[in-house]
Every structure is written in structure tokens, then in C-alpha cells.
Amino acid sequence: MRLAPYPSGALHIGNARMIVLNNEYVKRHGGELILFYDDTIGSPKSLRDSPKAKYVLPEAYDLIKEGLEWLGVKYSKVYYKSDRIDIFYEYTEKLIKDDVAYVCFCSAKKFKEKYKNKKENCPHREQSIEINLKEWNKMLNGKYHEQDAVVRLKTGMDQKDPALRDQIIMRISEAEHPKVGNKYIVWPMLEFSWAIDDHLIGVTHILRGADLIKEDFIEDFIWEHFKWKKAEFLHYGRINFPDIKLSKTSARNNIQNGLYKGWDDPRTWSLQSLKKRGIRPEALKEALLDLGMSMTGITFSVNWLYSKNKDIIDEISDRYFFVEDPILIEIDEVPFEEYIAEPFLLPSSPEKGKRIIKGKSKDKQLKIFIASSDAKKLKAGEIIRLKDCVNIQILSVDLKNKNIKAYYHSLELNRDYSIIHWVPEDEKINVQILKPDGSISNGYGEINLLKIPMNKTIQLERYAFVNPVKLEHRELFCYYSHK
RNA sequence: GCCCCUGUCAUCUAGUAAGGUCAAGGAUCCAUGAUUCUCAAUCAUGAAACGCAGAUUCAAAUUCUGCCAGGGGUACCA
């Protein structure tokens, strides 16, 4: 079997389904997996400036490799479509000589309206083999330009399905290719190139999305013509990601115009970005595999992935305090100079030990920060519990001036009081969290965050799981994982 | 327009090939309660579906017909 990514950008969560399913199939049946970069030319030169243009991005080759490595996918060989253009020339010539292909000069619009929709042959279909060969060579020799001429396969203008009437197999593109430059101006269409290559590299099973079903027909037509052994087709249905916008093309544009920092920006939903967010490859694989091979159109909710990931990281992510968008509370009449809070690093594994958070008072006053989302809910007179510390009674709340006053109330845990998180004013570090939508949350975290390893997920209690990626000048930068 | 495919809880899925074992099972989400010094996790309970209409049959989620609804293809993209 083969993986055939188009190297226009990093692999994303949507492309991953194709990879995971192929990989699993090969593993279960003891097959061989080939990585085949489907790096054809894409959009013609004349459309290259359009934001929708598809084209090969040089860095994508490595980004794809990186993504496959992260997913733990092993392959036996690597091929590049762009290395094999001469092969398609050779087979196109054979097809012309066998009178099953012809050079057509109709414009796309004219062909569709005058011939395809009416099931009628265009004049070029009747050309002799000699003329077709001559015109084909003119195409190869650069006598024609983009849009001037194409090679069509004689699948039949009387096909019931208009999608299958005399498909184009070779066309002209004057665009530059990152690997082979301007060496070729005639390029194959996807269906045709696979009909040839799947045979030549010995593919026995082709597992692809339902959107590529038409390609089956073209491949089968050509295998039939050459009397080649046929591969078996397997399909899976469409998958939709309603809460995500997934597009390698728009990700590329946003990276190029500087809106995104790179291919690990969470808005790309690339495998690179998922890794940075602390999503485990096993979680993604399991989530995708659970969808199976059904032909049903699937609405994929990212919560499904998050849930799988949480199963893995919950029991290994240490807990820390963090307050988002902090607001200061001044607590008066504190009857001690220092209180040492000792919450567990990971309550489900007490053997991992405890953290130490010190609350120090000056002149009987203790200053701490709480999250503004908690502050908004406070009412004067209310008693709340600072987790693992003390109970305080709120005296006044002035959100406009970010000023909250409170009194010390008591020490003992009382579950009637709501429990909130806090960070002492004199021992804190700045924490920045990059959210999936690209926004950044700011807040303070407990001092123990200075000692944590990078790229190992943690849970900021009552906030979310995050993956710390950088600690510099007492400032921690994290990627948001999920709730 | 023309071709093709798919319709089971909010979502994903099991069941459809051989009609009875399905008064439809599991997971996620949601709700309630327990537990917990986290709004997480854990445990318990609950809510929640065979697209519609006919037909065949002792018996239909499963077979047949019609309808309806979604998706895909119809690119000199992949």
C-alpha cells in the first residue's frame, strides 16, 4: 500500500485519517507501506497568485516526514512523483499509439458545454494516431502553452456518468516545480499518474477517501487496457470538522503573510501543532481508528480527540496553580506570618510528593492573586476557601479598580465554601498560554513552575491541561491542550 | 442538470452478508448524586436513536419499492 500526500504543507488532523487507516491496514495484514510524494505541479502558472492556488512547498517534504515520524508510521521506500515524469510520457505515447488517447484543443468550457454535456465527440477525438503523435510531440517540445492542448483518455463520451467522459490525463503547466524546476512543461493528472505508478511499484491495495472514487474508474480502465493485474480498492467516507477550519492552503497563506508564526501554529491543526499542544499520537490514532472505514459522512468533534488524550495525560500530568487575568486581594487580620500550603503534585499518585506554596503576611496583611473569572463571582460577605490554605471573608469587591478586600476567616477546610485557586503576590511567575484560536492568555502561576521540564504536559488546576514549551526570564510559555 | 454514495441516541460506532438471540449494545457529550482541598479524574444513576411511507413475513434496524434528507463527483486541483 502507499501513502500519497501532496506536499503543499504539513500534514493535518484531516490528512491523518488516510495515514492512520493505511498504516493500520498494513500492520494487520502484514503488508508493505510506501511513502510516495504526490508532488505534481498543481495549479497552473497563470493561477499561482490566487490564494486558492495549490502548489508544492519545498519545506513540506520534511514537514510530512516529521508528522509521520510523530505518528510512528514506518515505511519501506520513498518515491517522488516528480522524478517519474518521463515514465508518464512513455505511457501516454503508448496510449496514443493504441488509439485510446488523443490530443484535444478544446477549452474546458467549450468541451463541457458542447461535447460532454451532449455526449458528443469533439472533432479532435477523430484525429488519426499520426496526428495525435505529432501534436503530442509538439506539446512536449513547448510548441503549446498552458490551456492550449491536453491529452484525453478515450473512456467514452457516452458514459452514463458525465464525470467519466474522456478525462484529461496530461496537461501543460509552465509553473516552476521546487524539485525539477522548469524541466517539464507537460504534467500528468493525478488519476493517470496513479494508474501507471500503482502498477509499476506493485501496489496491491489502495485505501482512499470516497472523494477519490472516480480515480478507481480511470485506474481500472488503464489496467484493463494494458492487461495489468488490478489492485483492490478500499474507501472510507467524508470526514468533517465543524469546529475547525482545516486547509493546508489557507495555513500556507497565513504563514506566508505572517499571521501565523509557522507550521506549529495551533490554527493550522498540523501534526506539528498537535504535538506542541501535548496531544499524544496514540490519542489521535485511537480517535481516528474508532471511526473505522464507514462510508458515512462523519462529523468529527475535536472533543473526541481531547477525551482520548485526557485518558492518557490525566494520570501523568502534575498539577499547578494558575490564575488567569489576575486580580489582587488584600486579606487583613491574618494571624500568622507565613502559611505553607502543601498540595500534591498529583493527587492520584501521592508518592510523587508535594509542592510548597508560601503565603507570607506583612503587618497582618496577606496579598494574593486570584483569577478574574473567580473574582467576578465574589460578593461582599461571602466566605471562600483558598485551596490548601485558609478561608477568607470578602469585605468589598471593586472590579473596576481591581481591588478586593477581605478578612481572614478560619483555617479548617469546610466544603460549604467554594474553593478557588490563588497565587501569592510575592512569589509568582508570568505564564502565557497560546490557545487553539491563536489568542494568548496571560496570568500568574505558582513559583514551582520554575522547576518543571518542558514538553511534558501539566494541568493548571480548574483551568486546563497545557504543554509548557519555553521558560525564559521567569516567564513560562505554554500551548493550551484542552480542558 | 447528470452520475454515484450514505442515512441507528446530540456525536462516533456495534448490529444489516445468513430476518427471530436487538422491547437496539458501547464510547464521547449532557444531567443528577457520591467521592475529592481542582469546574479535572474516579464511581453510581439517568436522559438519549433504527430518516419517512408502504410491501413481504408468524417475525424486519436487517429484505423489497417509493419518497425524503445529507454528502461526493461532474477541474487543464489533489
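Remember, predicted model here, so these are calculated numbers, not experimental data. Residue numbers begin at 1 in each chain, while the letters A, B, ... track the order of the sequences.
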Novice: Looking at B/C76, I'd like to know if its phosphate oxygens (OP1 or OP2) sit under 4.0 Å from a side-chain N or O belonging to A/Lys45.
Specialist: no
Novice: Report yes if some heavy atom in the side chain of A/Asp198 is under 4.5 Å from a heavy atom in the side chain of A/Arg2; otherwise report no.
Specialist: yes
Novice: Expressed in angstrom and rounded to an integer, what is the separation of A/Asp211 atom CG from B/A78 atom P?
Specialist: 13 Å
Novice: Taking atom C1' in both B/G15 and B/A24, what distance in whole Å separates the two?
Specialist: 8 Å
Novice: Report the distance from atom CZ of A/Phe465 to atom C1' of B/U38, rounded to the nearest whole Å.
Specialist: 10 Å
Novice: Can you identify which nucleotide, out of B/C76, B/U28, B/U13, has its nearest atom closest to the A/Ser307 side chain?
Specialist: B/U28
Novice: Going through the distances and angles, do A/Lys214 and A/Glu191 end up as a salt bridge (Lys or Arg N to Asp or Glu O under 4.0 Å)?
Specialist: CA-CA 8 Å; A/Lys214 184 191 76 181; A/Glu191 308 87 320; 3.2 Å; yes
Novice: What does A/Cys106 touch in the nucleic acid at a heavy-atom separation under 4.0 angstrom: a base, only the sugar-phosphate, or nothing?
Specialist: base
Novice: If the C1' atom of B/U63 is compared with that of B/G70, how far apart are they to the nearest Å?
Specialist: 24 Å
Novice: When you compare B/C68 with B/G54, how far apart are their C1' atoms, in angstrom units rounded to a whole number?
Specialist: 14 Å
Novice: From CG of A/Asp166 over to P of B/G73, roughly how many Å is that when rounded to an integer?
Specialist: 21 Å
Novice: A/Gln459 has a side chain; which of B/U6, B/U38, B/U28 sits nearest to it?
Specialist: B/U38
Novice: Using heavy-atom distances to pick each residue's nearest nucleotide on RNA chain B, tell me which of A/Asn117 and A/Ile420 is more 5'.
Specialist: A/Asn117
Novice: Under 4.0 Å, counting only non-hydrogen atoms across every strand here, what does A/Ser348 touch: a base, just sugar-phosphate, or nothing?
Specialist: nothing
Novice: If the P atom of B/G20 is compared with that of B/A27, how far apart are they to the nearest Å?
Specialist: 25 Å
Novice: Between A/Phe344 and A/Arg355, what is the shortest heavy-atom contact and its length?
Specialist: O-NH1, 2.8 Å
Novice: For B/A41, which nucleotide is its Watson-Crick or G-U wobble mate, given both distances must be under 3.5 Å?
Specialist: none
Novice: Under 4.0 Å, heavy atoms only, any strand: does A/Arg385 hit a base, just the sugar-phosphate, or nothing?
Specialist: base
Novice: State plainly whether the residues A/Arg319 and A/Asp314 are in salt-bridge range, i.e. N to O under 4.0 Å.
Specialist: yes
Novice: So what does A/Gly292 hit on the nucleic acid, given a heavy-atom distance under 4.0 Å: a base, only sugar-phosphate, or nothing?
Specialist: nothing
Novice: Any carboxylate oxygen within less than 4.0 angstrom of a Lys/Arg side-chain nitrogen, looking at A/Asp166 and A/Lys154?
Specialist: no
Novice: Quick one: label A/Ser173 by what it contacts on the DNA or RNA (base, sugar-phosphate, nothing), any heavy atom closer than 4.0 Å.
Specialist: nothing
Novice: Could you tell me how far apart A/Asn303 (CG) and B/U28 (C1') are, to the nearest whole angstrom?
Specialist: 8 Å
Novice: Contact class for A/Thr296 vs. all strands (heavy atom < 4.0 Å): base, sugar-phosphate, or nothing?
Specialist: sugar-phosphate
Novice: From the set B/A78, B/C77, B/U13, return the single nucleotide nearest to any side-chain atom of A/Pro44.
Specialist: B/C77
Novice: Counting any heavy atom closer than 4.0 Å, what does A/Lys387 reach on the DNA or RNA strands: base, sugar-phosphate only, or nothing?
Specialist: base
Novice: Can you tell me how far C1' in B/A23 sits from the matching atom in B/A49, rounded to whole Å?
Specialist: 14 Å
Novice: Rounded to whole angstrom, note down the P distance from B/A48 over to B/G7.
Specialist: 24 Å
Novice: Do A/Tyr408 and A/Asn391 meet the criterion of a side-chain donor-acceptor pair at a distance under 3.5 Å?
Specialist: no
Novice: With a 3.5 angstrom cut-off on both distances, give the Watson-Crick or G-U wobble partner of B/U65, or none if there isn't one.
Specialist: B/A53
Novice: Any ion pair linking A/Glu461 and A/Lys387 (charged N to carboxylate O, less than 4.0 Å)?
Specialist: yes
Novice: P atom, B/A17 versus B/C12: distance in rounded Å?
Specialist: 23 Å
Novice: Write down the partner of B/A23 under the Watson-Crick or G-U wobble criteria, each distance required to be under 3.5 Å.
Specialist: none
Novice: Using the side-chain heavy atoms of A/Met295, tell me which of these nucleotides is nearest: B/A78, B/C5, B/C3.
Specialist: B/C5
Novice: Any idea how A/Tyr61 and A/Tyr80 line up, ring-wise: parallel (<30°), tilted (30 to 60°), or perpendicular (>60°)?
Specialist: tilted
Novice: When both hydrogen-bonding distances must be under 3.5 Å and the geometry is Watson-Crick or G-U wobble, what is B/A47 paired with, if anything?
Specialist: none
Novice: Report which part of the nucleic acid A/Asn240 touches: base, sugar-phosphate, or nothing (heavy-atom distance under 4.0 Å, all strands).
Specialist: nothing
Novice: Hey, is A/Asp38 close enough to A/Lys81 for a salt bridge, meaning N to O under 4.0 Å?
Specialist: yes
Novice: Please give the nucleotide sitting opposite B/U36 as a Watson-Crick or G-U wobble pair, both distances under 3.5 Å, or none.
Specialist: none
Novice: Using a cut-off of 4.0 Å on non-hydrogen atoms, how would the nucleic acid contact of A/Pro162 be classed: base, sugar-phosphate, or nothing?
Specialist: base
Novice: Just N and O in the side chain of A/Lys308: are any of them under 4.0 Å from OP1 or OP2 of B/U28?
Specialist: no
Novice: Given the structure, check if the side chain of A/Glu215 and the base of B/A78 hold any donor-acceptor pair shorter than 3.5 Å.
Specialist: yes
Novice: Given B/A78, B/C77, B/C76, which nucleotide is nearest the side-chain atoms of A/Lys54?
Specialist: B/C77
Novice: Rounded to whole angstrom units, what separation is found between the CZ atom of A/Arg238 and the P atom of B/U6?
Specialist: 17 Å
Novice: Which nucleotide sits closest to the side chain of A/Lys116: B/U74, B/U38, B/C12?
Specialist: B/U74
Novice: Could you check which of B/C12, B/A41, B/G71 has an atom nearest any side-chain atom of A/Thr299?
Specialist: B/C12
Novice: Taking only side-chain N and O atoms of A/Thr40, does any of them lie within less than 4.0 angstrom of OP1 or OP2 on B/A78?
Specialist: yes
Novice: Looking at B/A18, which nucleotide sits across from it as a Watson-Crick or G-U wobble partner, both distances under 3.5 angstrom, or is there none?
Specialist: none
Novice: Under 4.0 Å, counting only non-hydrogen atoms across every strand here, what does A/Leu291 touch: a base, just sugar-phosphate, or nothing?
Specialist: sugar-phosphate
Novice: OP1 or OP2 of B/C76 less than 4.0 angstrom from a side-chain nitrogen or oxygen of A/Ser43, does that happen here?
Specialist: no
Novice: Measuring only the P atom in each nucleotide, how far is B/C77 from B/A69? A whole number of Å is fine.
Specialist: 34 Å
Novice: If you look at every strand shown and take non-hydrogen atoms under 4.0 Å, does A/Lys310 touch a base, only sugar-phosphate, or nothing?
Specialist: sugar-phosphate
Novice: From the options B/C76, B/C3, B/G73, select the nucleotide whose nearest atom is closest to the side chain of A/Lys160.
Specialist: B/C3
Novice: When A/His421 is tested against each of A/Phe369, A/Phe321, A/Phe322 for ring-ring contact (aromatic ring centres under 6.0 Å, His included), which residue passes?
Specialist: A/Phe321
Novice: How long is the line joining CE of A/Met189 and P of B/C77, in whole Å?
Specialist: 5 Å
Novice: Taking pairing as Watson-Crick or G-U wobble with both contacts under 3.5 Å, can you name the mate of B/A75, or confirm there isn't one?
Specialist: none
Novice: Under 4.0 Å, heavy atoms only, any strand: does A/Leu212 hit a base, just the sugar-phosphate, or nothing?
Specialist: base
Novice: Quick one: label A/His421 by what it contacts on the DNA or RNA (base, sugar-phosphate, nothing), any heavy atom closer than 4.0 Å.
Specialist: sugar-phosphate
Novice: Quickly work out the A/Arg208 CZ to B/G73 C1' distance and round it to whole Å.
Specialist: 13 Å
Novice: Heavy atoms from C-beta onward define the side chain here; which of B/C77, B/U38, B/U28 lies closest to that of A/Arg171?
Specialist: B/C77
Novice: Reading RNA chain B from 5' onward, which residue's closest nucleotide shows up sooner: A/Asp311 or A/Gln147?
Specialist: A/Asp311
Novice: Specify the separation, in whole Å, of atom CD of A/Glu286 and atom C1' of B/G26.
Specialist: 14 Å
